[in-house]
Amino acid sequence: MKDQLKNSIELSLKAAISQQILPEIDLPEIQIERTKDKAHGDFACNIAMMLAKSAKMNPRQIASTIVDNLPETDFITDVTIAGPGFINFTLSTDSSIQVVKDVLAKKAEFGLSQVGAGKSVQVEFVSANPTGPLHVGHGRGAAYGSVVSSLLTATGFKVHREYYVNDAGRQMDILATSVWLRYLDACGENLTFPSNGYKGDYVLDIADSLRTEHGDKFLHSAMQVFEGIAADEPQGGDKELHIDGLINKAKSLLGDANYRQLFDSGLNSILTDIRDDLADFGSDYDEWFSERSLVESGAVEKAIEHLKSENVLYEKDGAWWFKSTDYGDEKDRVVVRDNGQTTYFASDIAYHLNKLQRGFDEVIDIWGSDHHGYIPRVKASLTAMKQDENRLKVLLVQFAVLYRGKEKVAMSTRSGQFVTLRQLRDEVGKDAARFFYVMRGADQHMDFDLELAKSQSNDNPVYYVQYAYARVCSVFRQLAERGLAWDEQQGLQNLTKLTEEHEQAVLTMLARYPEIVESAALNHTPHILAHYLTDLARDFHTYYNAHHFIIDEQDLSQARLSLIVAVRQVIANGLAILGVSTPESM
RNA sequence: GCGCCUGUAGCUCAGUUGGAUAGAGUGUCAGUUUCCGAAACUGAAGGUCACAGGUUCGAUUCCUGUCAGGCGCGCCA
């Protein structure tokens, strides 16, 4: 519809110019927008005001010229000039009822578009370290990432959803060592757990099952384990040195094979938990990409060689540095430490190179906003390796600050004090949690009050939308009880009878859906879809309260039933993208 | 100190990429069921769009500065 209007205006302008009513000027992109106020018609165009300067004419005069030269169409009933020079269009009822026919014909396909057809995009999201269960902070990224992916799919992109598993590196060694120490404790060894270890209950569970499965296989005396280990922080020492000492001791006492087995038992246990958790939350993946596989395949080493060959690495203080300052970063970054170990950054360079080499047209990373300082160095590394950094887009998700009533909930994975995503789902449900997360713009700081989410979950907007869906279902149950049926053909033939103000409002709202999906997808803004659905539900509820659908006058009744079927369909389509269910009764 | 994000109704947030009289939810107050589900609807009240300049036909939106909050500035991940 917008395109048709745009086309008409363009024709009009060209006609006016060729008749020399308007001077020869460059035409800017013509903008058509939906009006906020019904009094201004359905669509408005501001082109006259945009041209005022270059044409050196009064905008209202330009507008009237445009209106005079507008080609004849059958979808517009009224064109007016208003305010400083807006051109307002009012659609004919014939064109406004068309949307019902479209929705009923296309069903679940209604609202899909092809703007992304032929383009592939990879979306990486959550990618939390497998050192513990997901907490509510990860939930926002999980909801956001999966909805962005669904939106892109809905607009024709070929989407690849991926989770990057940080199964290499020091944090994982700390986890393995934590599991080992809990295991030793369970075996009866008397020891003090390191202050820097992972203290969550899930570590105890892993240790227990390890003991049930393997008995004393990994047992060493506490005295042997702690011999020669630097003091921990509470004892006046350094907690990092302490834990590193314990990691090395674990590796040397257990040997490669046993250490790897212990390491993997912790990794697999937690990773399985994360996979199940995300699946239950409705965030699905096409691939779980292992960092360790990059290290073991030599990809990390190769990426470093690549950078060396580009002459952007140098050696200083025994470490290898990447000259990221040459590409706008604040400081140079270490890729190989003086102890020979590669850094997390080195893996990430290899990973992002790998992503681009897999041939995606676009690669999207969804990160917590605390990682924003990391963007310049990753992009720098890609540029240094002669890749197009613009193929990588990083979307940041702000933190959700958790409250219990008025009190802020302090969270730390290490200390084991956090509210898990699973607990959140148990408390408020998957649907409410997803909708709540996605209702706000990702770059918006968000307050998540658990008390409110729990105690007043009926006030959650998700129920408002779902209720609209259930209400339509209920109308049809009522229809059947009265021995009546919906006649789609009769309904479609009588759509012109939908002349009530509330009906026009619903029709207009339905027609907006495809624009909303496209805009939400291209701008990566799921929240506008969530807001749209509550708006649509509101228009429906208002309509429901004002008029009856099951009435004696058959033609009108069937037309109304057709309209609310269309509403139900669009709500279903929208909620499907959000990953929220559509209960037929609630 | 430097960088990124944010500042809109009592509270939580929208605001169609610069448009017309700044909007919802929630909370407060006042109403609506012999009628398809009241998890709904109607109405009232509530605003110096943090503050000060600038850009232009027009600014909540773009630019600069100030103030306030969040995050980041490791040979951690």
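Every value quoted in this text rests on a predicted model; they were computed, and no experiment measured them. Letters A, B, ... mirror the listed sequences (proteins, then strands); counts begin at 1.
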Atom-to-atom span, NE2 of A:H524 to P of B:U17 - whole angstrom: 17 Å
Base, sugar-phosphate, or nothing for A:A44, non-hydrogen atoms under 4.0 angstrom? base
Can you tell me, in whole Å, how much space there is between the P of B:C57 and that of B:G10? 35 Å
Can you check whether A:E584's main-chain N or O pairs, donor with acceptor, with A:Q466's side chain at less than 3.5 Å? no
Using heavy-atom distances to pick each residue's nearest nucleotide on RNA chain B, tell me which of A:L479 and A:Y374 is more 5'. A:L479
What does A:A82 touch in the nucleic acid at a heavy-atom separation under 4.0 angstrom: a base, only the sugar-phosphate, or nothing? base
When all nucleic acid strands are considered with a 4.0 Å heavy-atom cut-off, which category describes A:D37: base, sugar-phosphate, or nothing? nothing
If you find the nucleotide of RNA chain B closest to A:L522 and the one closest to A:A470, which residue's nucleotide is nearer the 5' end? A:L522
Of the listed nucleotides (B:C36, B:U42, B:A77), which one gets closest to any side-chain atom of A:T542? B:U42
Please report, rounded to the nearest Å, how far the C1' atom of B:C75 is from the CG atom of A:L313. 14 Å
Rounded distance (Å) that lies between atom C1' of B:A38 and atom CE of A:M586: 13 Å
Measuring only the P atom in each nucleotide, how far is B:C41 from B:G54? A whole number of Å is fine. 45 Å
Is it the case that B:A20 (base atoms only) and A:N88 (side chain only) share a donor and an acceptor within less than 3.5 Å, ignoring hydrogens and angles? yes
Write down the distance separating the C1' atoms in B:U8 and B:G15, rounded off to the nearest Å. 9 Å
Extract the stems that RNA chain B is part of, considering only consecutive pairing runs of at least three Watson-Crick or G-U wobble pairs, both distances under 3.5 Å. B:1-7 with B:67-73, B:10-13 with B:23-26, B:28-32 with B:40-44, B:50-54 with B:62-66
Does A:H372 get its side chain close enough to the base of B:C5, under 3.5 Å, for a donor-acceptor pair? no
I'd like the C1' distance from B:G23 over to B:A38, given in whole Å. 25 Å
Answer with base, sugar-phosphate or nothing: what part of the nucleic acid does A:S347 contact at a heavy-atom distance below 4.0 Å? nothing
Under 3.5 Å, side chain of A:T343 to main-chain N/O of A:A346, donor-acceptor pair present? yes
With a 6.0 Å cut-off on the ring centroids, do A:Y314 and A:W320 count as close? no
Name the closest nucleotide to the A:R482 side chain, picking from B:A77, B:C36, B:C41. B:C36
Whole-Å distance between B:A77 P and A:D244 CG? 11 Å
Separation of B:A24 atom C1' from A:L536 atom CG, nearest Å, is 15 Å
To the nearest Å, give me how far apart CZ (A:F322) and C1' (B:C75) are. 16 Å
Across the strands shown, which category fits A:F345 at heavy-atom distances under 4.0 angstrom: base, sugar-phosphate, nothing? nothing
With sequence neighbours left out, the residues meeting side-chain contact (heavy atoms from CB on, under 4.5 Å) with A:T534 are A:F435, A:P461, A:V465
Taking the six-membered ring of A:Y532, is the NZ or CZ of A:R512 close enough (under 6.0 Å from the centre) and on axis enough (within 45°)? no
Between B:A44 and B:G7, how far apart are the P atoms? Round to whole Å, please. 29 Å
Candidate nucleotides B:C75, B:C41, B:C73, ranked by approach to the side chain of A:Y464 - the nearest: B:C41
Other residues, nucleotides, ligands: >12 heavy atoms within 6.0 Å of A:D552 CG: no
A:F86 stacking on B:A20: centroids under 5.5 Å, ring planes under 30°? yes
Between B:A24, B:A39, B:G72, which nucleotide gets closest to the side-chain atoms of A:R538? B:A24
Using a heavy-atom cut-off of 4.0 Å across all strands, would you classify A:D370 as base, sugar-phosphate, or nothing? sugar-phosphate
Determine if the base of B:U17 is syn or anti; take syn to mean the glycosidic torsion is within 90° of 0. syn
Could you tell me whether A:H502 contacts a base, only the sugar-phosphate backbone, or nothing, with contacts defined as non-hydrogen atoms closer than 4.0 Å? nothing
Check: A:F540 ring centroid to A:Y467 ring centroid under 6.0 Å: no
Is the shortest heavy-atom distance from the side chain of A:Q398 to the side chain of A:R140 under 4.5 Å? yes
Rounded to whole Å, please give me the gap between NE2 in A:H371 and C1' in B:C5. 16 Å
What nucleic acid atoms does A:S474 come within less than 4.0 Å of, heavy atoms only: base, sugar-phosphate, or nothing? base
Any base atoms under 4.0 Å from A:H541, or only sugar-phosphate, or nothing? Heavy atoms, all strands. sugar-phosphate
Separation between the C1' atoms of B:G46 and B:U6, rounded to whole Å: 24 Å
A:Y163 and A:F125: aromatic ring centres closer than 6.0 Å? no
Would you tell me if any nitrogen or oxygen in the side chain of A:K331 comes within less than 4.0 Å of OP1 or OP2 on B:G74? yes
Non-hydrogen side-chain atoms of A:L396 and A:I375 separated by less than 4.5 Å: yes
Heavy-atom donor-acceptor pair, A:K38 side chain to A:A505 backbone, under 3.5 Å: no
Chi-based syn or anti call at B:U6, which uses purine or pyrimidine torsion atoms and a 90° bound: anti
Contact state string [nucleotides 11-16 of chain B, B base, S sugar-phosphate only, - no protein heavy atom under 4.0 Å]: -BSSSB
Which whole-number value in Å describes the distance from A:R568 CZ to B:C36 P? 19 Å
Determine the contact category for A:R333: base if any of its heavy atoms lies under 4.0 Å from a base atom, sugar-phosphate if only primed atoms, P, OP1 or OP2 are that close, otherwise nothing. nothing
Record whether the side chain of A:N545 comes under 3.5 Å of the base of B:U32 through a donor-acceptor pair of N or O atoms. no
Between A:Y351 and A:F289, is the ring centre distance below 6.0 Å? yes
Any donor-acceptor N or O pair under 3.5 Å, side chains A:E500, A:Q504: no
With a 4.0 Å cutoff (strictly under), does any side-chain N or O of A:T534 reach OP1 or OP2 of B:G25? no
Using the P atom on both, measure B:C62 against B:U17 and round to a whole Å. 13 Å
Run the ring-centre check on A:Y144 versus A:H524 and record whether the distance is less than 6.0 Å. no
Check every strand shown and say whether A:A52 touches a base, only sugar-phosphate, or nothing at a heavy-atom separation below 4.0 Å. nothing
Selected nucleotide, minimal atom distance to A:R377 side chain, candidates B:A38, B:A77, B:G72: B:A77
Taking the P atom of each, how far is B:U12 from B:A50, in whole Å? 15 Å
